[in-house]
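Chain letters run A, B, ... following the sequence lines, proteins first, then strands; residues in each count from 1. Predicted model, so just to flag it, every value in this text is computed and none were measured.
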Protein chains: 2
Amino acid sequence: MSYQYNYPHPAVTTDVVLFGLIDECLKVLLVRRARPPFANHWALPGGFLDIDEDLEDCALRELEEETGVSGVYLEQLYTFGKPGRDPRERVISVAYYALVPATDIEIRAASDARAVRWFAYRDLPELAFDHVDIIHKAQQRVSSKLDYSTIALKFMPEKFTLGELQSVYECILDERLDKRNFRKRLRTYDCLTDTGEVRRNGGHRPARLYRAKSPDTVQIVK
Amino acid sequence: MSYQYNYPHPAVTTDVVLFGLIDECLKVLLVRRARPPFANHWALPGGFLDIDEDLEDCALRELEEETGVSGVYLEQLYTFGKPGRDPRERVISVAYYALVPATDIEIRAASDARAVRWFAYRDLPELAFDHVDIIHKAQQRVSSKLDYSTIALKFMPEKFTLGELQSVYECILDERLDKRNFRKRLRTYDCLTDTGEVRRNGGHRPARLYRAKSPDTVQIVK
DNA sequence: GCAAAAGTGTTCTAGGTACACCCATGT
DNA sequence: ACATGGGTGTACCTAGAACACTTTTGC
């Protein structure tokens with residue numbers, strides 16, 4: 001089968017930067033490439049756009065196929081298209097990012113047994129293509145969104161404690177926050193409901209468990 | 001000449017939303033399409049990516065070819081790729097936006113005599129493709145950037161008065177601002193130099209003329 | 001001298017930061 | 001009883017909002 005055009009067409013791909021927090025550490029989900037170019041290098045999950053497929057659907061499909069992760073909320077990040085970024089042919093990549101409660105997510109390697117793994121953002125392996133640039137840009141976007149939205153809730157499982165949520169902020173902003181100020185700010189956002197339950201977690205007072213009021217939408221605050 | 005691929009490739013285009021302020025009114029530069037689809041509809045300047053051309057270069061080239069405007073500072077806006085947005089074939093469009101001092105800019109129709117015109121943002125004609133969505137998204141981006149950057153200076157000619165700059169803000173935000181607070185805020189940004197010159201402009205005190213300290217960079221404030 | 005835009009400071013308010021102690025549990 | 005993280009309120013400070021009069025010109 002072959003497809004013909006009167007002038008050359010680039011290929012279009014999508015790539016997904018999937019962030020999670022594990023062990024108080026920002027992680028990115030990567031897949032190991034099975035084939036050249038960059039065989040055995042780690043890369044972002046992603047791949048070629050089907051000709052009748054919406055961009056975001058492509059990102060979701062490739063993510064699911066390569067990592068088993070489905071149903072995440074994607075936001076478009078940026079489009080990368082420098083000539084030469086893929087040695088095979090001209091490739092334009094529309095990058096997306098998403099945040100997931102990493103401990104809740106089940107990852108599964110693709111059928112062709114490519115490895116899939118979380119890597120610490122601060123300790124990335126050598127990456128294929130310009131994927132390291134994409135990841136850095138995504139991290140900057142997430143950092144700045146923390147300040148004016150409730151995007152951090154996307155990292156949280158259904159129920160969580162305020163201490164856990166605070167440590168998410170501290171992780172990504174890489175600074176300590178004051179507990180009382182942090183809680184006051186959350187109160188003004190009015191984005192949480194108290195489940196009434198508590199979590200016992202070792203030799204100290206149990207923590208109340210909260211739930212996001214609208215877990216499917218990222219609210220802009222300020 | 002014909003180009004063949006083993007699987008179908010979409011076309012990639014760039015489109016540019018060029019904003020200017022004329023008569024205290026936000027305008028967008030549009031070109032009239034000469035050919036189908038949407039012949040005689042107005043559209044954003046833009047066109048197909050050359051196979052070895054950077055995305056931003058493509059946007060600059062198409063803008064220059066179709067409108068005669070060159071050397072503007074572009075920022076990437078978003079990538080639009082819904083299947084069916086172009087009736088000919090699948091087209092992914094990477095949209096850019098830019099702000100120019102409209103009164104300084106010389107526009108010139110393309111050689112094939114397509115018309116080029118400024119349209120008021122609040123009174124757009126019927127547009128080709130999904131260009132109306134692109135323009136609205138660009139306007140939102142510019143509005144929000146006004147609040148945390150010096151992007152408004154991109155609308156200004158080399159020398160301008162504080163009153164003129166204030167009316168730029170008022171136009172885009174669509175609200176009146178307090179003169180003293182506005183000037184105090186600008187002072188803290190430290191982005192202007194006093195030229196020492198004044199502009200006489202009718203029956204009132206002449207206004208001092210200012211110049212942007214770094215006209216080529218958009219500074220993030222706050 | 002009158003109309004019209006330019007220019008200039010102070011007070012008030014609200015939101016953000018800094019800060020210290022008691023509580024409930026496990027060992 | 002003690003170690004550990006959970007939970008709570010107030011004082012201070014700074015940035016943004018509200019607000020009115022004098023100046024310089026053209027007619």
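In this structure, the CZ atom of A:Arg187 is 7 Å from the P atom of D:dT8, given to the nearest Å. Atoms CZ (B:Arg180) and C1' (D:dA15) sit 17 Å apart, rounded to a whole Å. Nucleotide D:dA11 holds its P atom 15 Å from the CG atom of A:Asn181, rounded to whole Å. In this structure, CG of A:Leu165 is placed 16 Å from C1' of D:dG5, rounded to the nearest angstrom. A straight line from CG of A:Leu162 to P of D:dG7 spans 6 Å, rounded to a whole angstrom. Rounded to an integer number of Å, the gap from NZ of A:Lys222 to P of D:dG16 is 12 Å. Counting to the nearest Å, the P atom of D:dA15 and the OH atom of B:Tyr189 are 12 Å from each other. Remark: P of C:dA5 and CZ of B:Phe182 are 17 Å apart, rounded to the nearest angstrom.
Of the two residues near DNA chain C, B:Gly163 and A:Asp178, the one whose nearest nucleotide lies more 5' is B:Gly163.
We find that B:Arg208 and B:Glu197 are not joined by a salt bridge, their nearest charged nitrogen and carboxylate oxygen being 4.0 Å or further apart.
When side chains are defined from C-beta on, B:Phe80 does not count as touching B:Lys82, because their heavy atoms never get closer than 4.5 Å. Side-chain contact between A:Val12 and A:Val91: absent, with no pair of heavy atoms (C-beta onward) separated by less than 4.5 Å. Here the side chains of B:Lys27 and B:Leu21 are not in contact, with every heavy-atom distance at 4.5 Å or above.
Distance from the side chain of A:Lys179 is smallest to D:dG7 among C:dG7, D:dG7, D:dG16.
In this model, the phosphate group of C:dG7 is approached by a side-chain N or O of B:Arg183 to a distance below 4.0 Å at OP1 or OP2.
The salt bridge (charged side-chain N to carboxylate O under 4.0 Å, His left out) test applied to A:Arg61 returns A:Asp50, A:Glu53, A:Glu65, not counting sequence neighbours.
Judged by distance alone, with hydrogens and angles left aside, A:Lys184 brings no side-chain donor or acceptor close enough to the base of C:dG16 to form a pair under 3.5 Å.
Of the residues in residues 190-208 of chain A, those lying under 4.0 Å from DNA chain C by heavy-atom distance are A:Arg200, A:Gly202, A:Gly203, A:His204, A:Arg205, A:Pro206.
Residue pairs meeting the side chain to side chain donor-acceptor pair (under 3.5 Å) criterion with at least one member in residues 121-131 of chain A, sequence neighbours excluded, are A:Arg85-A:Asp130.
Within a 6.0 Å sphere centred on CD of B:Glu175, other residues, nucleotides and ligands contribute more than 12 heavy atoms.
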